[in-house]
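None of the values given here were measured: they were computed from a predicted structure. We count residues from 1, following the sequence as given.
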Amino acid sequence: MGQFKKLLVTILVLLTFRSVAVSQSGNWPKWNGYIQTRVASNFDKFTEFTVRRSKLWVYGSLPKANYVSYKVQMVYRSFKDETVVLQDALANIRLRNFGEVKIGRFVPDFMLQRIQPDYEIPVLERASVINSLTINEKQMGREVGAQYTLQSNAFHFSVGVFNANVDAPSHSKDNSFLSTSRLEYKVIHQNNFWVSIGGSVAYRYLNGLTMANIYNADSTIIGDDFRWGVETQLHWNKFDLQGEYVQANINSDAAKGWYGIACYSFLTKYQVIALTEKYIDLNPDTNNNCWVGVGVNYKITGKTKLMADFKAQEEGSEYNYLGDIQLQVFFN
């Protein structure tokens, strides 16, 4: 009953926000959302249904200053939070031909696959190295701060400043800042064929944080945290290839990894995928061997699609297996 009340309050807040905007401007904010329902199995110890994500957001522009836009997004995940939580709350200011400034709570522009919407990528999950080296992974990779972005058809550049050492409830507990930057450039750009290369960096001073995706869950880290990555994409007609290498240098330690995804679209609604990934953390108890896998997607309509994949990882003389089937349904 408690979760139902929280969901009901969230819906009422969004409806109230929308009604106030209409009464003041006569313009309706837009809304959208989606549900990802999944069945997953390792073919040994578990097989289960989950709501991987259910998101709802409102967005729009100010009626008398349409160069200023906003977005507020909520998310529910049955396997983790089991509650509705705020995910994004941001304002975006367009500076004509001089880029844009984003202010609020959002994902910093660091690592290519991390800033790609999960509903658009052809695989069910981002690579382990991306999820593990995401900054502020405890709060879904979100930070509070400001970011400037300059972008054209062939060029992308961003620089951002955010809270560095976030303590509950999401306040910075010292005077340190997280700095990020990402650069991407299309070295070839010809109709249905293009190739891009790029990279990203991030730095902060750690002041007593735990990072369970890199170290043991109870390890408290103090010192420099410098992360960097390189990326590349290739698009040729119906074929896409994407890969990244990312490394986190924390004091004298280094966690690192990579992934590669090949995707071919055919018959308008179908995709076949091959993937490989490897992540090396700083926890001696984890298996850092490479995963390899295949997948197939069927686009029902728009962004609504049915997805399935199968992955394997060597562990000693045996293998670990993971299989997933997911239905993604968009509201609009």
Side-chain angles (χ1 to χ4, degrees), residues 40-48 50 52 77 79-81 107-108 110-114 123-143 164-168 173-174 176 178 180 199-231 243-261 275-293 309-324:
S41 177
N42 68 354
F43 305 98
D44 181 20
K45 296 182 179 180
F46 79 87
T47 299
E48 61 181 3
T50 62
R52 179 62 181 88
R77 301 179 295 177
F79 73 101
K80 188 141 182 137
D81 307 302
V107 178
F110 175 71
M111 300 188 296
L112 170 63
Q113 196 182 49
R114 187 62 190 89
V123 290
L124 277 78
E125 290 292 335
R126 295 182 178 94
S128 296
V129 64
I130 303 299
N131 284 329
S132 299
L133 298 188
T134 292
I135 302 168
N136 200 5
E137 74 284 354
K138 296 176 184 177
Q139 298 188 15
M140 300 166 287
R142 269 64 181 177
E143 292 282 5
N165 291 287
V166 178
D167 202 355
K173 63 182 181 180
D174 55 24
S176 298
L178 162 69
T180 65
S200 53
V201 293
Y203 173 78
R204 62 179 171 175
Y205 181 80
L206 297 170
N207 188 4
L209 294 186
T210 58
M211 293 183 287
N213 289 342
I214 299 178
Y215 294 91
N216 294 324
D218 57 351
S219 297
T220 301
I221 313 301
I222 298 176
D224 295 318
D225 179 3
F226 175 70
R227 306 186 187 195
W228 62 275
V230 292
E231 65 189 54
E244 286 185 82
Y245 174 88
V246 187
Q247 181 167 314
N249 296 98
I250 302 173
N251 294 322
S252 59
D253 300 328
K256 54 192 175 182
W258 52 264
Y259 73 88
I261 299 172
L275 63 94
T276 180
E277 61 172 279
K278 183 179 178 71
Y279 172 57
I280 303 173
D281 62 13
L282 300 171
N283 185 342
D285 297 327
T286 57
N287 180 0
N288 294 324
N289 291 335
C290 178
W291 285 92
V292 294
D309 69 10
F310 176 81
K311 297 187 291 186
Q313 178 194 48
E314 185 178 5
E315 184 167 12
S317 60
E318 300 181 349
Y319 284 87
N320 297 319
Y321 299 105
L322 285 176
D324 300 274

Side-chain donor/acceptor of [X] to backbone N/O of [Y], under 3.5 Å:
X	Y	result
D225	Y203	no
N249	A254	no
N165	L209	no
N42	N320	no
Q113	I130	no

[X], [atom1]: over 12 other non-hydrogen atoms inside 6.0 angstrom:
X	atom1	value
E48	CD	yes
K80	NZ	no
F46	CZ	yes

Decide whether E314 and N289 meet the rule of one side-chain donor and one side-chain acceptor closer than 3.5 Å.
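Not at all, the side chains of E314 and N289 share no donor-acceptor pair under 3.5 Å.
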Give the minimum heavy-atom separation between [X] and [Y], together with the two atoms involved.
X	Y	value
E244	L112	OE1-N, 3.0 Å
T47	S41	OG1-OG, 2.8 Å
T210	A217	CB-O, 3.8 Å
R77	R52	CG-O, 3.3 Å
P108	G141	CD-O, 3.3 Å

Within the structure provided, determine whether [X] and [Y] are in side-chain contact (heavy-atom separation under 4.5 Å).
X	Y	answer
K311	V292	no
W258	V129	no
R227	Q247	no
Y279	V246	no
I222	L206	no
E231	M111	no
R114	L133	no
V201	F226	yes

Can you measure from [atom1] ([X]) to [atom2] ([Y]) and round to the nearest 0.5 angstrom?
X	Y	atom1	atom2	value
Q313	S128	CD	OG	8.0 Å
I135	L178	CD1	CG	4.5 Å
N287	I280	CG	CD1	11.0 Å
Y215	T220	OH	OG1	11.5 Å

Take L282 and M211, measure what side-chain contact (heavy atoms from CB on, under 4.5 Å) needs, and give me the verdict at the end.
CA-CA 10 Å; L282 300 171; M211 293 183 287; over 6 Å; no
Are D174 and Y205 close enough, and set up right, to give a side-chain hydrogen bond (donor to acceptor under 3.5 Å, both in side chains), and what steps lead you there?
CA-CA 10 Å; D174 55 24; Y205 181 80; over 6 Å; no
May I ask you to check whether Y245 and W228 place their ring centres under 6.0 Å from each other?
yes
Qualifying salt bridge (charged side-chain N to carboxylate O under 4.0 Å, His left out) pairs with a residue from residues 276-293, counting only residues at least two apart or across chains:
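Found none.
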Set of ring-ring contact (aromatic ring centres under 6.0 Å, His included) partners for F43, sequence neighbours left out
F310
Output, in order, the C-alpha distance, side-chain angles, deciding distance and verdict of side-chain contact (heavy atoms from CB on, under 4.5 Å) for Y259 and L275.
CA-CA 7 Å; Y259 73 88; L275 63 94; over 6 Å; no
